[in-house]
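Below: the structure, in structure tokens.
Every value quoted in this text rests on a predicted model; they were computed, and no experiment measured them. We count ligands from 1, going down the list as the structure has it; atoms in each ligand are counted the same way.
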Amino acid sequence: VAKVESGRVLLVETNHATLKAGERALAAEGWTVETARDGLEARQCLEKNSFEAIVSDINLPGYGGLELLRAVRERDLDVPVILMTSKPSVESSIRAIEYGVFRYLIKPVSNQALVEVVGRASRLHKMAQLKREALTLAGLLDTSPDDREALGARFARATELLWTAFQPIVSWQDRKVFGYEALLRSDEPTFANPGKFLEAAEQLGKVHELGRSVRTKVADAASQVPVETALFVNLHSADLNDEHLRDPYSALSRVAHRVVLEVTERASLDSVRDAPLKVKALKGMGFRIAVDDLGTGYAGLTSFTSLEPDIVKIDMSLIRGIDAQPKKQSIVRSMKNLCDDLGMLVVAEGVETPAERDTLLGLGYNLLQGYLFARPERGFPVPRW
Ligand code: C2E
Ligand code: CA
Ligand code: CA
């Protein structure tokens, strides 16, 4: 057999015969194979070498495959990890996805399948590395060898310095604040912008940790505004998989009746198993649900129908300059009419000018958010009427 591959692969498996068979199959393709019998032994291999790909059983004695995957993610953002199990479960597959598994395979896995998946994983790994190099070239990302550690350290600092800005959503008719949207901020200078902070959380497998911090902050601030003022909290789609969100004793759950959870149309809900059921459970706890950024989703109205939101937020790309664009007016008007029929409240986001505001009022909108009224700020800024 011609050897086509080169590089190092780590194979973690308790069963001796399975381990040897896998090792032989991979070596025949040209891979340098290191083997480990349990998670701790695997960790020692990781200390010594870097790998093109890691293949591990989930059910290892003591230190399991999921813990291993997590440990790998803390050190290396790119290396693909393939997990195998003879006892698949929804829970382990969800956690595997959360920690960025490359493939979740159900045993028995044939040698041919093993060789194929490792070959594919290593190629995608190379592609990820090339993309990083390209980004470095473009000056967007600095990837010194310490970079992953550095990213983790910056993330930890940013989490310590995390706070949430609040921006009012006004009810124009009665000149009242309908609610405040919490927006992620950090005093760590490189993560001041929520996009960067969230991206780092995704790379480090810490989306849940970040979501929990934000929700705790919002709950802590809740007592500073009247009980009838709603608190809007943004969710990452992965947050829907976090059981902490549905924990009835969490700080935010205790004020659930005041909270609107925003789920964006921008990201797909494909990675969320049973999204409609999960959302239903949240509603049962008293949370209201909003679809955020309506008008940007690529997947038609799936989120709309599966979430049955209480509130819909129209994306600012449809609001900007609406006073001068009849086409936008007609879309935004129709959206309002539909939401009225469906019994949903509608918020227009990103209102910057009096002309945009007046156009929206003319189209029947009442709930408005944007720089015209107040920018997101520390505390709870009072809107300008
Ligand atoms: P988003 O949820 O659509 O939030 C609205 C964004 O529009 C905010 O940007 C806000 O500062 C900005 N904005 C508000 N009014 C205006 C306006 O009149 N004109 C313009 N040009 N912009 C306006 P920000 O704070 O930078 O947040 C960006 C995005 O980051 C958010 O978009 C949301 O998707 C995400 N994000 C923010 N906080 C969180 C969070 O706690 N959790 C999660 N998962 N995502 C968050
Ligand atoms: Ca939002
Ligand atoms: Ca939005």
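Protein non-hydrogen atoms do reach within 4.0 Å of atom 27 (O) of ligand 1. Within the 4.0 Å cut-off (strictly below), a protein heavy atom is located near atom 21 (N) of ligand 1.
Heavy atoms from both the backbone and the side chain of L183 come within less than 4.0 Å of ligand 1. The part of Q167 lying near ligand 1 is the side chain, judged by heavy-atom distances below 4.0 Å. Residue contacts with ligand 1, taken as heavy atom pairs separated by less than 4.0 Å, do not involve R375 at all. Residue contacts with ligand 1, taken as heavy atom pairs separated by less than 4.0 Å, do not involve N193 at all.
Below 4.0 Å from some heavy atom of M316 lie the following atoms of ligand 1, by number and element: 7 (O), 12 (C), 13 (N), 20 (C), 21 (N), 22 (N), 23 (C). Here is the list of ligand 1 atoms found below 4.0 Å of a heavy atom in D293: 3 (O). The contact set between ligand 1 and H236, taken as ligand atoms under 4.0 Å from a residue heavy atom, comprises 44 (N). Ligand-side atoms of ligand 1 in range of E181: 2 (O), 4 (O), range being under 4.0 angstrom from any heavy atom.
Looking only at atom types and distance, the side chain of D38 has no donor-acceptor partner in the side chain of T14 under 3.5 Å away. Side chains of Y104 and S92: a donor-acceptor N/O pair is present below 3.5 angstrom, by distance only. Using modelled atom types and a 3.5 Å distance limit, the side chains of S213 and T216 yield no donor-acceptor pair. Residues S250 and D247 have side chains that never bring a donor and an acceptor to within less than 3.5 angstrom of each other. Remark: the N337 side chain and the S334 side chain contain no N/O donor-acceptor pair separated by less than 3.5 Å. Side chain to side chain, E34 and T32 fail the donor-acceptor criterion of an N or O pair below 3.5 Å. Side chain to side chain, R154 and T190 meet the donor-acceptor criterion of an N or O pair below 3.5 Å.
The shortest contact between atom 24 (P) of ligand 1 and any protein heavy atom is with P194 CG, 3.7 Å. For atom 11 (O) of ligand 1, the closest non-hydrogen atom on the protein side is P376 CG, 3.2 Å. Atom 43 (C) of ligand 1 has its closest protein heavy atom at N234 CB, 3.7 Å. Distance from atom 1 (P) of ligand 1 to its nearest protein heavy atom, with residue and atom name: D292 OD2, 3.9 Å. Regarding atom 35 (C) of ligand 1, its nearest protein heavy-atom neighbour is L198 CD1, 4.0 Å. Closest to atom 38 (N) of ligand 1 among all protein heavy atoms lies L184 N, 3.0 Å. For atom 18 (O) of ligand 1, the nearest protein heavy atom (residue, atom name, distance) is Y371 N, 2.8 Å.
Distances from the Ca ion (ligand 2) show that N234 has an N/O/S atom below 3.0 Å. For a distance bound of 3.0 Å, the N, O or S atoms of D315 include none lying that close to the Ca ion (ligand 3).
Shortest distance from the Ca ion (ligand 3) to D293 is reached at OD1 (N/O/S atoms only). Of all N/O/S atoms in E349, OE1 sits nearest the Ca ion (ligand 3). Nearest N/O/S atom of D292 relative to the Ca ion (ligand 2): this is OD2. Within E262, the N, O or S atom lying nearest to the Ca ion (ligand 2) carries the name OE1. Distances from the Ca ion (ligand 2) to each N, O or S atom of E181 single out OE2 as the nearest.
Across I106, L105, I58, a single residue satisfies side-chain contact (heavy atoms from CB on, under 4.5 Å) together with P88, and that is I106. Just one of R215, K206, K278 meets the salt bridge (charged side-chain N to carboxylate O under 4.0 Å, His left out) condition when paired with D242; it is R215.
Atoms NE2 and CZ, from H257 and F287 in turn, are 10.5 Å apart once rounded to the nearest 0.5 Å. Within the model, atoms CG of N241 and CD of E91 stand 11.5 Å from one another, a figure rounded to the nearest 0.5 Å. Distance check, rounded to the nearest 0.5 Å: CG of L318 to CD of Q325 gives 9.5 Å.
In this structure, R384 fails the cation-pi test against F373, since its NZ or CZ atom is not both closer than 6.0 Å to the six-membered ring centre and inside 45 degrees of the ring normal.
The pair R8-E52 does not meet the salt-bridge criterion, since no charged nitrogen lies less than 4.0 angstrom from a carboxylate oxygen.
At a 4.0 Å cut-off, not a single heavy atom of G195 sits close enough to ligand 1 to count as contact. Using a 4.0 Å heavy-atom cutoff, V351 is listed among the residues neighbouring ligand 1.
Here the closest non-hydrogen pair linking H208 and A238 is NE2-O, 3.0 Å.
Note: F178 and F232 have tilted aromatic rings, judged against thresholds of 30 and 60 degrees for the angle between ring planes.
Across the listed options K313, E356, E352, K196, E352 owns the non-hydrogen atom lying nearest to atom 19 (N) of ligand 1. Closest heavy-atom approach to atom 41 (O) of ligand 1 within the set L235, D239, T164, V214: this belongs to V214.
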